Structures are given as structure tokens and as C-alpha cells.
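Lettering of chains follows the sequences in order, A, B, ..., and the numbering in each one begins at 1. Just the heavy atoms: all of them, side chains too, but no hydrogens, waters or symmetry mates, feed the values below. This is a predicted model, so every value here is computed, not measured.
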There are 2 protein chains.
Amino acid sequence: MGDIHNMTTIRDVARQAGVSVATVSRVINGNSYVNKDTESRVREAIQVMDYEPNTVARGLASKKTGTIAVILPDIMNPFFSELARAVEDTARHHKFTVIFCNSDDQAPKEKLYIQVLQQRYIDGMIFASNTLDEEDIQTMRGHGISLVVLDRAPRRGNCSIIRSKNVEGAKTAVQHLLSLGCRKIAHIAGPEELITAQERKQGYLDTIRHLKGFDPALIVPGHFSISGGIGAAQALLEYHPDVDGIFAGNDLMAAGALKALHRMGVSVPEQVSLCGFDGVAIAEMTEPELTTVAQPIYEMGATAAKRLIGRIRGETEEPSVTELDVQLVERDSTKRRVRR
Amino acid sequence: MGDIHNMTTIRDVARQAGVSVATVSRVINGNSYVNKDTESRVREAIQVMDYEPNTVARGLASKKTGTIAVILPDIMNPFFSELARAVEDTARHHKFTVIFCNSDDQAPKEKLYIQVLQQRYIDGMIFASNTLDEEDIQTMRGHGISLVVLDRAPRRGNCSIIRSKNVEGAKTAVQHLLSLGCRKIAHIAGPEELITAQERKQGYLDTIRHLKGFDPALIVPGHFSISGGIGAAQALLEYHPDVDGIFAGNDLMAAGALKALHRMGVSVPEQVSLCGFDGVAIAEMTEPELTTVAQPIYEMGATAAKRLIGRIRGETEEPSVTELDVQLVERDSTKRRVRR
DNA sequence: AGATTATTTGTAACCGGTTACACTTTCTTT
DNA sequence: AAAGAAAGTGTAACCGGTTACAAATAATCT
């Protein structure tokens with residue numbers, strides 16, 4: 001019973017304050033001349049009537065909804081949940097609301113989201129997923145939707161990019177393994193189509209290709225997932241039982257590999273040293289704890305959100321590319337071995 | 001350059017099809033009489049002009065935005081990221097969009113969110129967080145916002161509730177420990193103010209209170225977090241080195257406890273059997289893997305979303321309470337011990 | 001056949017804001 | 001003092017849909 005949706009409107013406030021709606025709007029938005037006295041009368045009326053401007057109406061009129069969307073592969077992946085948390089925190093501080101979309105790295109889902117979000121007058125979008133072609137970027141541009149992309153480098157689309165030094169990080173990881181005395185270092189790689197996976201593989205290759213004993217068969221796919229890491233480690237040890245070092249393209253695969261190695265009775269780090277990439281929380285939960293190349297995940301998300309909101313507000317003009325540093329975090333899964 | 005936001009509107013379509021906007025609207029919504037021929041003319045016009053109705057305008061006019069919000073403590077907690085994923089998947093299938101809000105279990109943040117979301121004409125809300133008083137519920141009711149609550153039992157607010165059998169699950173866990181031969185079973189409890197934590201503690205107490213050797217000091221707080229679990233286990237073993245079984249109120253604390261026990265040189269399950277609660281993925285990543293009382297997390301989220309959308313659409317009338325079963329998953333962190 | 005009901009469609013108000021434009025009043029400037 | 005610029009405010013159109021109401025036509029009922 002009782003009226004539903006009986007909110008007070010800007011016209012109610014205007015009447016109460018004895019001014020026009022335009023004046024109330026001006027007071028709220030502070031973007032035009034308003035007399036001091038008038039302003040305080042209006043503010044009082046707003047107080048008295050407990051008025052809150054309606055975001056939907058405002059969105060229709062101004063085409064700015066104070067909403068951003070984040071498209072990511074899967075919120076259950078701890079890397080992305082941390083990223084999501086960072087974005088949400090930052091957005092909240094700037095009075096923005098966040099819509100999350102899981103794409104599972106499937107282009108059709110992404111396209112669908114882009115379409116749905118455009119109809120909703122989304123102000124901007126953070127894209128942490130896979131496919132994003134020129135056309136999508138142009139469409140969004142045409143709709144006035146700002147864009148910040150993680151780990152992707154579109155050629156001409158004028159959007160900001162936030163990325164980590166993947167090649168460099170991978171090199172650091174492999175060099176670390178080499179410095180420990182590992183002779184036969186394998187790589188569990190992420191999906192071929194993902195640029196981050198490509199770059200980490202590249203770093204591995206760059207470091208190891210010219211060394212004796214290098215064998216392309218030491219690169220096995222692990223799909224960036226735990227189960228993929230398990231399968232990869234199994235296959236690896238089956239065909240190359242003398243592997244003494246593994247660089248996994250992310251921590252999830254490293255954790256999976258660790259599990260598999262344990263099941264096969266291979267001890268880490270004594271027999272095999274293992275290094276991951278990302279620096280997510282679960283890397284500390286395993287036994288032994290995982291050495292990893294840590295990205296500043298929270299910072300990446302926060303930076304992406306800040307950058308995006310800056311562009312939406314027209315504060316930041318030109319799109320920029322930010323490359324964040326990664327850091328080797330040495331833990332128990334890698335250890336100096338005796339030279340044989 | 002180029003026009004921004006030059007979308008085709010319903011009036012464009014009406015003109016193209018030679019009908020009025022009302023007719024186009026009727027075709028789109030299918031809620032009124034429309035002549036077959038007229039309808040196909042309109043549909044063709046929609047096709048030709050590549051028309052997509054504007055969600056914001058529709059929201060203003062109808063006060064239905066096709067958006068639901070999920071308020072949860074922290075998306076980085078794997079329990080909640082799985083829940084979030086389930087909600088998003090389900091919502092997407094029903095063409096709803098989801099806004100996520102991290103409350104950190106802080107009432108002020110929750111209140112703020114509720115306010116912000118009301119201004120946005122949210123259709124409904126899934127509440128998986130802590131505080132939610134009668135007043136909030138009434139406010140939302142007054143604004144026509146449907147509500148589904150996880151693990152909370154508001155007295156009169158007419159909202160649906162999804163919950164797990166926490167007391168029963170906790171009993172199962174403790175009985176399991178007892179059946180293994182544990183004599184001194186401790187409990188690492190979640191925050192006092194959370195009903196789930198209370199219930200799990202209750203189950204522990206109900207099972208163990210009347211047994212000889214029961215000691216209230218065996219209940220230590222762990223704040224539902226990994227670090228809390230670490231601290232709790234340390235404190236526990238320091239004062240009660242003869243503890244031989246631990247039931248942790250969630251998996252995160254169990255994982256933390258495991259870590260602490262390992263650092264202290266206490267072997268699991270040989271010296272201490274350890275059981276968690278929730279059934280999140282990381283319970284399988286530890287070494288040894290954690291025995292836990294698994295909740296059907298994904299199902300909880302999916303059910304909550306389905307229930308909510310049902311209520312929004314007016315399909316489900318009365319609010320309902322759903323209690324989901326939990327299941328003991330035996331893994332390596334608990335093992336039968338030799339009777340001494 | 002006349003009355004009643006079901007179909008079909010259009011007109012225009014409305015949702016609750018923003019803002020272009022016009023107009024008045026109050027400085028500044030020369 | 002006259003002219004131009006700045007400050008202050010209101011009117012009304014507009015954003016892009018939904019929907020109450022009215023009116024016309026077709027179908028069904030006594």
C-alpha cells in the first residue's frame with residue numbers, strides 16, 4: 001500500500017524555495033550564476049524536503065550517467081577480483097557506479113555487452129578482456145564512451161592503456177631460475193591469443209632460446225587456469241622428467257603445477273624450482289609458497305579507474321599509455337640448487 | 001568531429017514505418033493490441049534503422065531499469081566472487097545488468113549504497129552483507145525495490161531469504177572430527193555480529209558443550225580472514241598445545257590456520273585435524289587439501305538472482321525462505337587418528 | 001439489426017532532470 | 001553619463017521513452 005516512488009522532484013524544491021527549476025538545477029550543479037541568498041534558500045529547501053536528484057532523469061537529459069563498466073574474463077579469477085575491487089573503490093570515491101561483466105574471453109559476449117552498455121549511456125568502460133577490434137573502439141568513440149584498456153595495444157583507437165612489463169618480468173623470472181642453477185627450464189604458457197601470455201612467453205624465449213639445451217617442446221599450454229597448470233605439469237614431467245625449473249605464465253597455473261608435481265612425488269623446490277606470475281593472494285597459500293613476478297594489481301585497477309574518470313570529466317585530454325613495473329617476489333618454491 | 005550520440009529514436013522508427021510512436025512502443029513491449037501487418041512493418045523499420053531502445057529513457061518513463069545491485073562485503077573474498085559470478089550469469093540470461101558494491105561489512109557504506117541505488121531506480125537488490133535494519137527494508141519497499149537477502153532473517157520486512165544450514169553443517173563438521181578420534185576440538189570463529197558466524201559457532205557448541213573436556217576458551221576469533229586464521233591458530237596452540245582438532249568457521253580462516261600450524265611445526269592431519277566451511281576453490285589448493293563443509297555457493301547466487309528477478313517481474317508473489325543443504329567434503333586435512 | 005465487446009491506432013501528457021535563450025538588474029569602463 | 005560586460009533568474013523546449021485516453025473499426029452477441 002502507500003505510494004510507491006513518491007520521491008520529491010526538482011519542481012517540488014523549486015516551489016518550496018520560491019524559484020524556478022532552472023535555478024535549483026544551477027545550485028545543484030554549480031555551473032552557472034546564482035545569487036548567494038537564493039542559493040542558501042534553495043539549499044535549505046533541499047534539506048527540508050530531503051531531496052535527492054534522480055540519476056536516471058539526469059542521465060537522460062545530460063547523457064552522463066555516472067556509471068562505468070568493467071569487462072573482464074572472470075571475476076572468480078583472483079587477479080580480476082582484485083582488479084575489480086580496486087576499480088570499485090576508486091569509482092566510489094568519485095561518485096561513480098560500476099557494472100561488471102564477465103566475458104570468459106569470448107568475443108560474442110563482449111560484443112553483446114558493448115551493445116547493452118551503449119543503450120545504457122555508460123560514461124566509460126574499462127576493458128580487461130580479450131578481443132576488442134577497431135570497429136568496437138570506433139563505435140564506442142561514436143557514442144562518446146571513453147575507454148581504458150588493460151594489456152592491449154589497439155593501433156589507432158584513441159584510448160588509454162594500462163599495462164605491466166610482461167616481457168621484462170618474464171625475463172627476470174627465467175633469469176632467477178637460471179641463477180639458481182636450473183639447467184632445463186620449461187614454460188607453462190597462457191592462451192596464444194592473449195597478449196599478456198604472448199609477452200611472457202616472449203620473455204622466456206628471449207632469455208633461453210640461445211642457451212644450450214633449449215627445446216621448444218618445453219613450452220606447454222596451461223590456459224591460465226589451475227586445471228590447465230595441472231595438466232601441463234603432468235605432460236611436462238612425463239616427457240621431460242629431467243626438467244628442473246618451471247616458469248608458469250600466471251600464478252593459477254603455477255599453483256596447479258605445484259599440485260601436480262606434489263601428486264607425482266616431485267618435490268618443490270628441491271627437484272624442480274617453480275615461479276609464477278601475477279602476485280595474487282593464493283600464491284601465498286600454497287605449500288611451499290610460490291615465488292612469483294608480482295604485478296601491482298590493485299594499482300593497475302585504481303589507475304585505470306582514475307584515468308577513465310579523468311577522461312570522462314574532460315580533465316585528461318590525450319589518451320596515455322602507462323607501463324607499470326613488476327617485481328620478483330622470492331618465496332619457497334625456488335631455491336638455489338647444488339651444481340652437478 | 002562527427003556527431004556524438006546520434007542514435008535513432010523511437011520517433012525515427014515511427015516515421016519510417018508510418019505509424020505513431022505509441023505503436024512502435026507497443027510492438028517493442030508486446031503488451032497491447034497491434035495488427036499483424038503493422039507489427040511487421042514496424043519490425044522491418046527497426047531492422048532497417050538498426051534501432052535499439054534507450055534504456056535510460058525507458059527507465060525514466062517506466063521506473064524499471066533492468067538493473068539489480070549486489071551488496072557484498074568484499075569481492076576479493078572467493079566465496080563472494082563465486083556468488084557474484086553466479087548472480088551475473090543469471091542476470092545476464094534474463095537481460096538484467098548488475099552493479100556490485102563492496103561494503104566491507106560497514107553499515108555506513110551500506111546505507112550510502114542504498115541511497116545511491118535508489119536514485120538510480122534499481123529494480124532490486126541482493127544483500128549479502130551485514131547490517132540491514134527494518135528502516136532500510138521499509139525504505140526500499142517504499143521505493144518499490146525488491147530485496148533478496150542472504151543469511152539474514154529480518155522479522156517483518158517482506159523479502160526473500162536464501163540461506164545455508166549453518167548449524168547443521170557445523171555439527172556435521174564437529175561430529176566428523178569427533179568420529180576421527182579428536183578429543184580436544186577448538187573453534188576459530190567468525191565475527192560475532194555475523195549471523196552465519198553465530199550459527200556455526202552454535203553448531204559447534206551444541207555438539208561439544210556437554211562433552212567432558214569442553215572449554216569455552218577453545219573458541220577464538222578469526223574474523224573470517226586468512227590473517228585472522230593465522231593469528232587464531234597461533235594463539236590457540238600457544239595456550240592449548242594439546243588441541244587435536246580445529247573447526248574453522250570458514251575456509252579462509254582454515255587456510256590461515258593451516259599456514260600457521262605449518263610454521264609452528266604442527267603437522268596436519270597427524271597432530272591436528274582441520275576442517276573449514278564454505279567449499280571455496282582455495283580449499284583445494286592448500287597442502288594438505290582442506291576438508292570442508294561445502295555450501296552450494298554458485299547455486300545460492302543463482303537462486304538469489306532468479307528469485308529476485310521473479311519478484312521484480314511480479315511472477316513470484318510471496319517472499320520465500322530457501323534453506324540450502326551443505327555437504328561435508330572429506331579431504332586430507334582430517335584423518336582418523338590412533339586411539340591413545 | 002442494434003448493442004456490446006474486442007482490436008487497432010494516434011494524440012499528447014508525463015517521467016524528472018538540463019539548458020538555450022531572453023530579459024532584467026548590477027557593475028565596470030571610458 | 002552612456003555603453004558594454006557580468007550577474008541573476010525564469011520560460012519552455014528537450015532528452016527518448018511509456019501510457020492514459022479517445023476514437024475508429026471489426027467482430028460477436030441478443
Point to revise | B/Leu60 CG - D/dC15 C1' separation (whole Å) | key: 9 Å
**Study point:** B/Asp74 side chain vs B/Met76 backbone, donor-acceptor pair below 3.5 Å
**Key:** yes
Review point. Taking atom C1' of D/dG17 as reference, at what distance in whole Å does atom OH of B/Tyr51 sit?
Key: 7 Å
Practice item. Quickly work out the A/Lys63 NZ to C/dG16 C1' distance and round it to whole Å. Key: 15 Å
Check your understanding: Between A/Arg41 and A/Asp37, is the closest basic N to carboxylate O distance under 4.0 Å?
Key -> no
Review point. Going by heavy atoms in the side chains, are B/Val56 and A/Thr65 under 4.5 Å from each other?
Key: yes
Revision key, fill the gap. Rounding to 0.5 Å, atoms SG (A/Cys159) and CD1 (A/Ile126) come to a distance of 12.0 Å
Check your understanding: What do the steps show when you test A/Lys111 against A/Asp133 for salt bridge (Lys or Arg N to Asp or Glu O under 4.0 Å), and what is the final call?
Key -> CA-CA 10 Å; A/Lys111 303 263 186 212; A/Asp133 52 42; 2.7 Å; yes
Practice item. Measure from CZ on A/Arg120 to C1' on D/dC15 and round the result to the nearest Å. Key: 18 Å
Check your understanding: Can you tell me how far the CZ atom of B/Arg307 sits from the OG1 atom of B/Thr322, to the nearest 0.5 Å?
Key -> 3.5 Å
Exercise for review: Might you point out which heavy atoms bring B/Ser164 and B/Asp151 nearest each other, and give the distance in Å?
Suggested key: N-OD1, 3.7 Å
Review point. Do A/Thr67 and A/Arg120 have side chains that get closer than 4.5 Å, going by heavy atoms?
Key: no
Check your understanding: Is any side-chain heavy atom of B/Asp50 closer than 4.5 Å to a side-chain heavy atom of B/Thr8?
Key -> no
Study note, to complete from the structure: Testing D/dC15, C/dG17, D/dT18 for proximity to the side chain of A/Arg58, the answer is C/dG17
Point to revise | Gap between atoms CG and C1', on A/Asp37 and C/dT26 respectively (whole Å) | key: 15 Å
**Study point:** N or O in side chain of B/Asn54 less than 4.0 angstrom from D/dC15 OP1/OP2
**Key:** no
Revision key, fill the gap. Here the distance between atom C1' of C/dT9 and atom CG of B/Asn31, to the nearest Å, is 14 Å
Review point. How close or far is atom P of C/dC15 from atom CZ of A/Arg11, stated in whole angstroms?
Key: 8 Å
For nucleotides 6-11 of chain D, which of its nitrogen or oxygen atoms have a protein nitrogen or oxygen under 3.5 Å away, and what is each distance?
from: D/dA7; atom 1: OP2; to: A/Tyr33; atom 2: OH; distance (Å): 2.2
from: D/dT9; atom 1: OP1; to: A/Thr38; atom 2: OG1; distance (Å): 2.4
from: D/dT9; atom 1: OP2; to: A/Asn35; atom 2: N; distance (Å): 2.7
from: D/dT9; atom 1: OP2; to: A/Thr38; atom 2: OG1; distance (Å): 3.0
from: D/dG10; atom 1: OP2; to: A/Ser20; atom 2: N; distance (Å): 2.9
from: D/dG10; atom 1: OP2; to: A/Ser20; atom 2: OG; distance (Å): 3.1
from: D/dG10; atom 1: OP2; to: A/Thr23; atom 2: OG1; distance (Å): 2.7
from: D/dG10; atom 1: N7; to: A/Arg26; atom 2: NH1; distance (Å): 3.2
from: D/dG10; atom 1: O6; to: A/Arg26; atom 2: NH2; distance (Å): 2.4

Review point. When we call it a touch if two heavy atoms are under 4.0 Å apart, what does A/Ser25 touch: a base, just sugar-phosphate, or nothing?
Key: base
Scan nucleotides 23-28 of chain D against the protein and return all N/O pairs shorter than 3.5 Å with their distances rounded to 0.1 Å.
none

Practice item. Take the protein atom CD1 of A/Ile10 and the nucleotide atom P of C/dT18, then report the distance between them rounded to whole Å. Key: 5 Å
